[in-house]
Amino acid sequence: QVQLVESGGGLVQAGGSLRLSCAASGSRFSINAMGWYRQAPGKERELVAAISSGRSTYYADSVQGRFTISRDNNKNMVYLQMNSLKPEDTAMYYCAASQRHQVAISISEYAYWGQGTQVTVYQ
């Protein structure tokens with residue numbers, strides 16, 4: 001079992017930055033691939049970034065070059081550094097944990113979810 005708690009969301013002007021954090025509890029965190037998803041009102045939940053247990057990463061095209069996912073296994077933390085934010089990045093952001101080691105890019109591969117943290121970007 002893995003429990004996830006996100007933090008770091010907020011209101012930011014376009015062009016600004018935010019750093020999301022995800023605190024994970026569970027004795028086997030270091031072997032779980034992790035991901036950040038987002039969901040805007042009326043839209044499907046979409047993968048933003050993912051990281052394997054070995055720190056290989058994946059990014060959605062829409063955030064490539066602007067967002068960075070990282071993990072600290074000693075602290076059981078996953079981060080999403082978001083730079084050059086745009087209004088279209090506005091969404092609820094969710095941390096998710098997979099039971100596989102490799103980068104997981106399908107929502108069906110994620111077994112555990114946090115409650116989400118809201119990110120709002122204004123022009």
Side-chain angles (χ1 to χ4, degrees):
Q1 278 280 28
V2 179
Q3 291 79 44
L4 305 170
V5 178
E6 304 96 333
S7 61
L11 182 65
V12 64
Q13 191 171 18
S17 298
L18 282 174
R19 188 194 195 202
L20 304 184
S21 299
C22 173
S25 60
S27 61
R28 299 175 67 79
F29 169 78
S30 63
I31 69 170
N32 296 116
M34 302 293 294
W36 283 98
Y37 276 77
R38 67 186 180 188
Q39 188 168 20
K43 295 188 176 181
E44 292 187 356
R45 193 169 294 192
E46 63 173 354
L47 180 63
V48 174
I51 187 166
S52 72
S53 60
R55 295 183 170 81
S56 296
T57 57
Y58 166 88
Y59 296 96
D61 289 344
S62 58
V63 306
Q64 180 75 45
R66 300 188 297 124
F67 290 12
T68 303
I69 188 171
S70 61
R71 66 190 298 160
D72 184 337
N73 288 342
N74 290 329
K75 297 181 179 179
N76 281 10
M77 297 291 292
V78 179
Y79 306 99
L80 185 67
Q81 178 66 44
M82 305 186 295
N83 299 328
S84 302
L85 283 161
K86 305 175 181 180
E88 50 264 44
D89 294 318
T90 294
M92 185 71 78
Y93 283 70
Y94 297 91
C95 177
S98 172
Q99 291 178 308
R100 53 182 287 161
H101 309 316
Q102 299 89 346
V103 168
I105 61 173
S106 170
I107 197 168
S108 63
E109 294 175 304
Y110 289 93
Y112 308 104
W113 294 85
Q115 294 300 306
T117 185
Q118 177 68 39
V119 171
T120 303
V121 185
Y122 65 94
Q123 196 61 269

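Note that this is a predicted model, so its numbers are computed, not measured. This chain uses plain numbering: 1 for the first residue, then up along the sequence.
- Between the side chain of Y59 and the backbone N or O of R66, no donor-acceptor pair lies under 3.5 Å.
- Here the closest heavy-atom approach between residue Q102 and residue S52 is recorded as C-CB, 3.8 Å.
- Smallest separation of non-hydrogen atoms from A33 and R71: CA-NH1, 4.1 Å.
- Aromatic ring centres of W113 and Y37: separated by under 6.0 Å.
- Y94 and V78 fall into different hydrophobic clusters, defined by Ile, Leu, Val, Met, Phe, Trp and Tyr side-chain heavy atoms under 4.5 Å apart, directly or through other members.
- Interatomic distance, S7 OG to R19 CZ, rounded to the nearest 0.5 Å: 9.5 Å.
- Checking side-chain atoms of Y93 against main-chain N and O of E6 turns up no donor-acceptor pair under 3.5 Å.
- Placement of W36 and V119 within a single hydrophobic cluster is found when ILVMFWY residues are connected by side-chain heavy-atom separations under 4.5 Å, directly or transitively.
- When side chains are defined from C-beta on, M34 does not count as touching L80, because their heavy atoms never get closer than 4.5 Å.
- Here the OG-CE distance, from S21 to M77, works out to 4.5 Å after rounding to the nearest 0.5 Å.
- One N or O on the side chain of D72 and one on the backbone of N74 form a donor-acceptor pair closer than 3.5 Å.
- A distance of 9.5 Å separates CD of Q13 from CG of L11, quoted to the nearest 0.5 Å.
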Under the side chain to side chain contact (heavy atoms under 4.5 Å, CB included) rule, what do C22 and Y79 come out as? Steps first, then yes or no, please. CA-CA 6 Å; C22 173; Y79 306 99; over 6 Å; no
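- Residue A60 comes nearest to L47 through the heavy atom pair CB-O, 3.4 Å, listed as atom of the first residue, atom of the second, then distance.
- Annotation: the span from S98 atom OG to I107 atom CD1 amounts to 12.0 Å, rounded to 0.5 Å.
- Around atom CD1 of I105, no more than 12 heavy atoms belonging to other residues, nucleotides or ligands sit under 6.0 Å away.
- Although no hydrogens or angles enter the test, the distance criterion places a donor-acceptor pair under 3.5 Å between the side chain of T90 and the main chain of V121.
- Rounded to the nearest 0.5 Å, atoms CG (N32) and NE2 (H101) are 8.5 Å apart.
- A24 and V2 make their closest contact through CB-CG1, 4.2 Å (heavy atoms, listed as atom of the first residue, atom of the second, distance).
- Within the model, atoms OH of Y58 and CD of Q64 stand 9.0 Å from one another, a figure rounded to the nearest 0.5 Å.
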F67 vs L85, test: side chain to side chain contact (heavy atoms under 4.5 Å, CB included). Steps then yes/no. CA-CA 9 Å; F67 290 12; L85 283 161; 3.8 Å; yes
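- More than 12 heavy atoms of other residues, nucleotides or ligands lie within 6.0 Å of CD in E88, so this atom counts as buried by the packing criterion.
- Between A50 and A104, the closest heavy-atom pair is CB-O, 3.6 Å.
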If you apply the rule side chain to side chain contact (heavy atoms under 4.5 Å, CB included), what do you find for Q81 with S17, and how did you get there? CA-CA 8 Å; Q81 178 66 44; S17 298; 4.0 Å; yes
Trace of the side chain to side chain contact (heavy atoms under 4.5 Å, CB included) decision for V63 with M82: CA-CA 8 Å; V63 306; M82 305 186 295; over 6 Å; no
